[in-house]
Amino acid sequence: MKIATWNINSVRLRLDNLARLIDAANPDIICLQETKVVDELFPRADIEALGYPHQAIRGMKSYNGVAILSRLPMTENGGRDWCGKPDCRHTGVALAGGIELHNFYVPAGGDEPDPTVNDKFAHKLSFLDEMTEWCQERRDPSAKRILVGDLNIAPLETDVWSHKQLRKVVSHTEIEIERLAGLQQAGRWIDAVRHLIPTDEKIYSWWSYRAKDWRAADRGRRLDHIWISEELVPALRSVEILKDGRGWPQPSDHAPVIASFDI
DNA sequence: ATGGTGGCTTTGCCA
């Protein structure tokens with residue numbers, strides 16, 4: 001079973017690139033963030049034609065929005081509002097074999113990394129706190145769970161192009177990294193990508209649109225993650241960040257992140 | 001220190 005997570009930055013604008021992802025990687029399940037479309041206008045039929053008839057979608061106008069697209073049967077199971085806001089940042093499904101899959105789009109947090117002056121940063125921290133509580137309530141060491149998404153935090157020094165230059169930049173500040181670590185601990189999550197790629201290797205999943213030449217500058221950050229419960233670690237076979245995706249025509253600023261399992 | 005680009009739209013707001 002192959003699972004991809006990708007912040008597509010408008011699903012309607014990038015159906016061609018979704019087809020490119022399918023050609024390149026042929027995932028069984030694709031988790032999207034920033035679909036930016038209400039459910040009634042979601043391109044269900046086009047995506048079914050691409051081979052993904054099972055779709056769990058949760059979208060709104062213009063902003064945010066998540067979707068789980070699957071070749072395999074699944075049932076919606078989870079997906080809720082967070083921080084009292086109906087802003088479509090989470091959907092969850094149950095897959096065959098009792099596997100739970102959750103897809104998150106964590107708030108980006110604005111520019112100023114100070115919750116007392118920046119409401120967006122305060123929202124980001126509250127969102128992580130609520131996720132942490134949610135994980136604590138659902139402790140079950142034997143559960144088979146996968147959590148993916150754009151978590152908008154690059155935790156390790158090697159998850160950013162320059163730890164020194166980004167330590168005060170939202171996505172790589174100490175307070176965010178601590179909260180993310182707390183969340184990871186509360187859910188006993190294993191970072192699948194870092195489980196297979198050594199921590200001294202720099203890897204990114206996002207490159208800003210604002211660079212003249214994103215590939216040459218290579219000022220990336222690893223904001224997109226695949227986490228798994230201990231029970232699934234023996235089944236984990238490979239991980240990949242599809243950097244090519246950042247170079248497709250009219251690209252998203254994120255590249256797909258992919259994990260394969262022997263399931 | 002600043003501004004750079006992109007998507008959707010509320011030609012400003014969000015990333």
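In what follows, chains are A, B, ... by sequence order, proteins preceding strands, each numbered from 1. All heavy atoms count here, side chains included; hydrogens, waters and symmetry mates do not.
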*Taking atom P in both B:dA15 and B:dA1, compute the distance separating them and give it to the nearest angstrom.*
25 Å
*asked:* For the residue pair A:Arg221 / A:Ser171, report whether a side-chain donor-acceptor contact shorter than 3.5 Å exists.
replied: yes
*Looking at A:Lys202, A:Arg194, A:His172, which hits side-chain contact (heavy atoms from CB on, under 4.5 Å) with A:Asp159?*
A:Arg194
*How far does the C1' atom of B:dT9 sit from the matching atom of B:dC13, given to the nearest Å?*
9 Å
*Tell me: CD of A:Gln250 to C1' of B:dG7, nearest whole Å?*
9 Å
*side-chain N/O A:Ser208 vs B:dT5 OP1/OP2, d < 4.0 Å*: no
Atom pairs and distances, side-chain donor-acceptor, residues 236-244 of chain A, under 3.5 Å, sequence neighbours left out:
unit_1, atom_1, unit_2, atom_2, d
A:Arg237, NE, A:Asp262, OD2, 2.9
A:Arg237, NH1, A:Pro234, O, 3.4
A:Arg237, NH2, A:Asp262, OD2, 3.1

*Please report, rounded to the nearest Å, how far the C1' atom of B:dG6 is from the CH2 atom of A:Trp206.*
12 Å
_Has A:Arg89 got a side-chain atom pairing as donor or acceptor with A:Tyr105's backbone, closer than 3.5 angstrom?_
yes
*Round to the nearest Å and state the distance from A:Leu32 atom CG to B:dG7 atom P.*
16 Å
*Starting from C1' on B:dT9, measure out to CZ on A:Arg12 and report it in whole angstrom.*
11 Å
Between the protein and nucleotides 13-15 of chain B, list every N/O to N/O distance that falls short of 3.5 Å.
unit_1, atom_1, unit_2, atom_2, d
B:dC14, OP2, A:Lys120, NZ, 3.4
B:dA15, N6, A:Arg210, NH2, 2.5
B:dA15, N1, A:Arg210, NH2, 3.0

_Separation of B:dG6 C1' from A:Arg14 CZ (nearest whole Å)_ = 8 Å
*Can you list every pair that meets ring pair (Phe, Tyr, Trp, His ring centres under 6.0 Å) and has a residue in residues 43-73 of chain A, with sequence neighbours left out?*
none
*Side-chain donor-acceptor pair present, A:Thr5, A:Gln33, cut-off under 3.5 Å*: yes
*Tell me: NZ of A:Lys61 to P of B:dG7, nearest whole Å?*
18 Å
*Rounded off to whole Å, could you give me the CE-to-P distance for the A:Met60 and B:dT9 pair?*
11 Å
*asked:* Can you measure A:Gln33 atom CD to B:dG7 atom C1' for me and round it to whole angstrom units?
replied: 16 Å
